[in-house]
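Here the structure comes first, spelled out in structure tokens, and everything after it is commentary.
Only heavy atoms go into these numbers, but all of them, side chains included; no hydrogens, no water, no symmetry mates.
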Amino acid sequence: MKGRRPTVRTKGSKTTVDVKNSVLSDMGSVKDMLEYVPGLMPDGSGGVKVPGRGRPLIEIDGREVTQQSLLDVLKSDNVDEIEIDRAPSVAYDSKVRAEVRIKTKRGIQDHLYLKVDNEATLRSRFSETPSLDFRFKIGKLSVSSTYMYSRSDGVLDETYLRTIYHPDYTFNTAYDAHPHMPSQYHRFVWSADWDFTKKSRLSLLYLFTHDDQNFNTPSLYTQTGQGETVQKNVNEVNNQLRNVHDLSLSYDHRFSKEHRLLIVADYASTHRHTMDGTEETNLDTGDYSHIRTWGKGKYDTYTGSVRYNVVLPGEVKARVGGKYAYVRSHSDRTSDNPYLDGGDYWNMTRVRNQSASAYLNLSRRWKRVTAEAGLRYEFERSRIATAGSSDGDRVNNRNSRFTPSLRLTYEVNDDWFLEANYRRYSSRVNFNQLVPSSVYKDSLSYEMGNAEVQPSFTHSASVDVTWKDWNLSASYMHTTDEITSAWVNLDNQTNVATYMPFNFSTMKMWGLSLSYNKSIKKLFLYASANVSFPHSRYPFLGEERTADMVSWGGNLNLNYTLNKQWTFYTTFSYESRSEYGITFIHSRTGGTWACVPAS
């Protein structure tokens, strides 16, 4: 019975979860499992986040996960343990504020494994995911392959509100939407490991994904302003076909426990075809419009990285490495939108993006005290060229930065552990968000990039205190040029809103979080709570306003082992209404439960 409960160990900013001996190994895919892992919570868009830190970077056996679809096909019963790091070192990109490290099982004896299963769910509609998993090990060769097909459907009820402030009046819009989201996907992954010796391994991984989405969103659209109310029936259609091929080659040599060399090369190619359509019918006048936009694109990424761990004289542990990435993107878009070039709109965008980074991290331990210091350098250059029915444009954006980090830990005794961290982070928009061209959503909504957006910089400091099963964390962040995306009214003579990124001035954030985990006979409990105190000022219609709404949230995981065959597992998360800069995030609750038979 004990073996069915997850073992959770928290020391300062790091939490380790034992998967192989717990019910988590029976959750199906790694993507599904992560929603139930103590210390993580769903982010509302199909992924997970670390409370107070956002969406984490995910690594599997030291290799960064660049395609999230890999988590769909990697099985939870192949995972050994998971480590959540809420204060990653300079070995990781300066925008990474949390990391999840997944360690998989390694077979020792020769074996042959075949598993066929089907997962069915019924929420608003029926969905199923059949899969075939095949693995074997013969001598030095280990091979694994998984094929998965998913057919899902869903219906939601959503309401979106928007207010546009003019100097003389206020304009409001409300969408009562009912998205219908049928989709299907294919996933295939094949990997092979060749063990030259017990300490060195060459690995090859190939991933193919095919996504077919056909979303349909009927809604009632209400406009209110200047004493008038207009209602429209709006129907949005979003069709997307996407194919991804990803090939990764890595070499891992472990000279000793603290001496390791890891080299990774990766190539990924994405092909995408889209068709977006919007039908609008004015309920008062009967006026009707139907606007369609077609798009296609190809996205190629070449990545190479190296990481080297070694112990220097004086018992100093060093970690040095670097990464280079080159991205080539081609996209074309056409539209019969009469508001864009009289219905004969077309646009071509070509992007070339290069990024390079290097880092050095040093640490040393003196009895119960450990000190760590690191420095990271990053360089990025984006070249964007657009041409179309209206004038073309060129953007040449480059930036570089140094980001240091410091960590100090003190292990008082077996019960008490203290940790202090400092890190300078940097965030930047995706290069596609630099493209200054409009994308039609509906007659009053567009999206646009902003070539003037600059990277933001954050100074982050935190202190963690761990006592037995409790962990208390206090943090402070000070951000300059905070990047925010919001709806903006670019023309005061109209009520058209454009969603675009821009730089905010200064953002401050104080935070407190508390977590607790305990095993009581057949019951395992993990609970966490966090509260945030933001503060920022921004100009609004000729005056300065303050954003300082306090927000809080929490996460609860319960695991009850009924007997050797059945285990009940549930997770619940909550976030209050929060204000970040000038963006309001409304409260969200989510609860899921599972009854899992022992494998």
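The backbone N or O of Gly12 sits less than 3.5 Å from a side-chain atom of Arg86, completing a donor-acceptor pair. The backbone N or O of Ser456 sits less than 3.5 Å from a side-chain atom of Ser426, completing a donor-acceptor pair. Not one N or O on the side chain of Thr386 forms a donor-acceptor pair closer than 3.5 Å with the backbone of Thr349. Here the side chain of Arg242 pairs no donor or acceptor atom with the backbone of Thr270 at under 3.5 angstrom. With hydrogens and angles disregarded, a donor-acceptor distance shorter than 3.5 Å links the side chain of Lys105 to the backbone of Asp77. Panel note: side chain Glu419, backbone Ser13; a donor-acceptor pair is recorded below 3.5 Å. Thr458 contributes no side-chain N or O that, together with a main-chain N or O of Ser460, makes up a donor-acceptor pair within less than 3.5 Å. In terms of modelled atom types and a separation under 3.5 Å, the side chain of Asp61 and the main chain of Thr104 share a donor-acceptor contact.
The cationic group of Arg187 lies under 6.0 Å from the six-membered ring centre of Tyr185 and within 45° of the ring axis, placing it in a cation-pi geometry.
Side-chain contact check for Phe136 versus Leu114: every heavy-atom pair is 4.5 Å or farther apart. Contact annotation: the side chain of Leu202 approaches that of Leu249 to within less than 4.5 Å [non-hydrogen atoms, C-beta and beyond]. Between Ser513 and Ser528, the closest side-chain pair of non-hydrogen atoms is not below 4.5 Å. Counting heavy atoms from C-beta on, the side chains of Asn503 and Thr480 never come closer than 4.5 Å. Using a 4.5 Å cut-off on side-chain heavy atoms (C-beta onward), Leu74 and Val189 make no contact. Put simply, the side chain of Val351 does not reach to within 4.5 Å of the side chain of Val327, judged on heavy atoms.
No side-chain donor from either of Gln454 and Asn399 sits under 3.5 Å from a side-chain acceptor of the other. Remark: the Asp212 side chain and the Asn214 side chain contain an N/O donor-acceptor pair separated by less than 3.5 Å. In this structure, a donor-acceptor pair under 3.5 Å is absent between the side chains of Asp153 and Ser127. In the model, Asn471 has no side-chain atom that pairs as donor or acceptor with a side-chain atom of Ser473 under 3.5 Å. For the residue pair Ser89 and Arg407, no side-chain donor N or O sits within less than 3.5 Å of a side-chain acceptor on the partner.
Salt bridge annotation for Asp32-Lys75: absent, with no cationic side-chain nitrogen under 4.0 angstrom from a carboxylate oxygen. A salt bridge does not link Arg401 to Asp481: none of the charged nitrogens lies less than 4.0 Å from a carboxylate oxygen. The pair Arg97-Asp85 does not count as a salt bridge, with every side-chain nitrogen at least 4.0 angstrom from each carboxylate oxygen. Using a 4.0 Å cut-off between a side-chain N of Lys or Arg and a carboxylate O of Asp or Glu, Lys20 and Asp80 qualify as a salt bridge. Between Glu447 and Arg333 there is no salt bridge, since none of the side-chain N atoms of the basic residue sits less than 4.0 Å from a carboxylate O of the acidic one. Checked for salt-bridge contact, Arg63 and Asp266 miss the test: no charged N lies under 4.0 Å from a carboxylate O.
By the 6.0 Å contact criterion, CZ on Arg352 is enclosed, its count of non-hydrogen atoms from other residues, nucleotides or ligands being greater than 12. Annotation for Glu452: atom CD does not count as buried by contact number, only 12 or fewer foreign heavy atoms lying within 6.0 Å.
A distance of 5.0 Å separates CG of Asn238 from CG of Asp276, quoted to the nearest 0.5 Å. In this structure, NE2 on His273 lies 11.0 Å from NZ on Lys298, to the nearest 0.5 angstrom. Between the CZ atom of Phe215 and the NE2 atom of His180 there is a distance of 10.0 Å, given to the nearest 0.5 Å. Note that CG of Asp133 is 7.5 Å distant from OG of Ser145, once rounded to the nearest 0.5 Å. A distance of 7.0 Å separates CD in Glu482 from OG in Ser427, rounded to the nearest 0.5 Å. Distance OG/Ser357 to OH/Tyr377: 10.5 Å, rounded to 0.5 Å.
Of all heavy-atom pairs between Ser76 and Val19, the closest is O-CG1, 4.0 Å. Residues Val100 and Pro56 come closest through the heavy atom pair CG2-CG, 3.7 Å. For the residue pair Asn450 and Pro501, the shortest heavy atom distance occurs at ND2-O, 3.0 Å. Taking every heavy atom of both residues into account, Glu378 and Ser94 meet most closely at OE1-OG, 2.6 Å. Summarising the geometry of Ser250 relative to Val264, their closest heavy-atom pair is CB-CG2, 3.9 Å, with the distance given to 0.1 Å. Minimum heavy-atom separation, Gly62 to Arg307: O-NH2, 3.7 Å.
With sequence neighbours left out, the side chain to side chain contact (heavy atoms under 4.5 Å, CB included) criterion links Ser405 to Val90, Asn361, Arg423.
In this structure, Tyr267 has its ring center closer than 6.0 angstrom to the ring center of Tyr302. Ring pair Tyr299/His271: centre-to-centre distance not below 6.0 Å.
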Practice prompt. Go through the steps to decide whether Asn118 and Glu128 satisfy the test side-chain hydrogen bond (donor to acceptor under 3.5 Å, both in side chains), and finish with yes or no.
Written response: CA-CA 7 Å; Asn118 184 37; Glu128 64 174 342; 3.2 Å; yes
Discussion item. Between Met509 and Met507, is the side-chain contact (heavy atoms from CB on, under 4.5 Å) condition met? List the steps.
Written reply: CA-CA 7 Å; Met509 181 79 75; Met507 179 76 185; 3.9 Å; yes
Worksheet entry | Steps toward ring pair (Phe, Tyr, Trp, His ring centres under 6.0 Å) verdict (His253, Phe255) | CA-CA 6 Å; His253 191 110; Phe255 303 90; 4.2 Å; yes
Practice prompt. Please test Lys31 against Asp72 for salt bridge (Lys or Arg N to Asp or Glu O under 4.0 Å), starting from the C-alpha separation and ending with a verdict.
Written response: CA-CA 6 Å; Lys31 180 182 178 181; Asp72 291 326; 3.8 Å; yes
Item to complete: Take Asp300 and Tyr326 through the test side-chain contact (heavy atoms from CB on, under 4.5 Å) and record every step on the way to the result.
Response: CA-CA 8 Å; Asp300 295 321; Tyr326 175 73; over 6 Å; no
Worksheet item: Does the pair Leu207 and Val244 meet the rule for a side-chain contact (heavy atoms from CB on, under 4.5 Å), with working shown?
Response: CA-CA 8 Å; Leu207 172 69; Val244 178; 5.7 Å; no
Worksheet item: How far apart are the C-alpha atoms of Thr217 and Glu158, what are their side-chain angles, what is the distance that settles it, and do they pass the side-chain contact (heavy atoms from CB on, under 4.5 Å) test?
Response: CA-CA 10 Å; Thr217 307; Glu158 300 176 333; over 6 Å; no
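Checked options Thr571, Val50, Asn555; the residue passing with Leu40 is Val50 (criterion: side-chain contact (heavy atoms from CB on, under 4.5 Å)).
Relative orientation of the Tyr308 and His259 rings is perpendicular, given thresholds of 30° and 60° on the angle between their planes. By the 30° and 60° cut-offs, the orientation of the rings of Phe208 relative to His210 is parallel.
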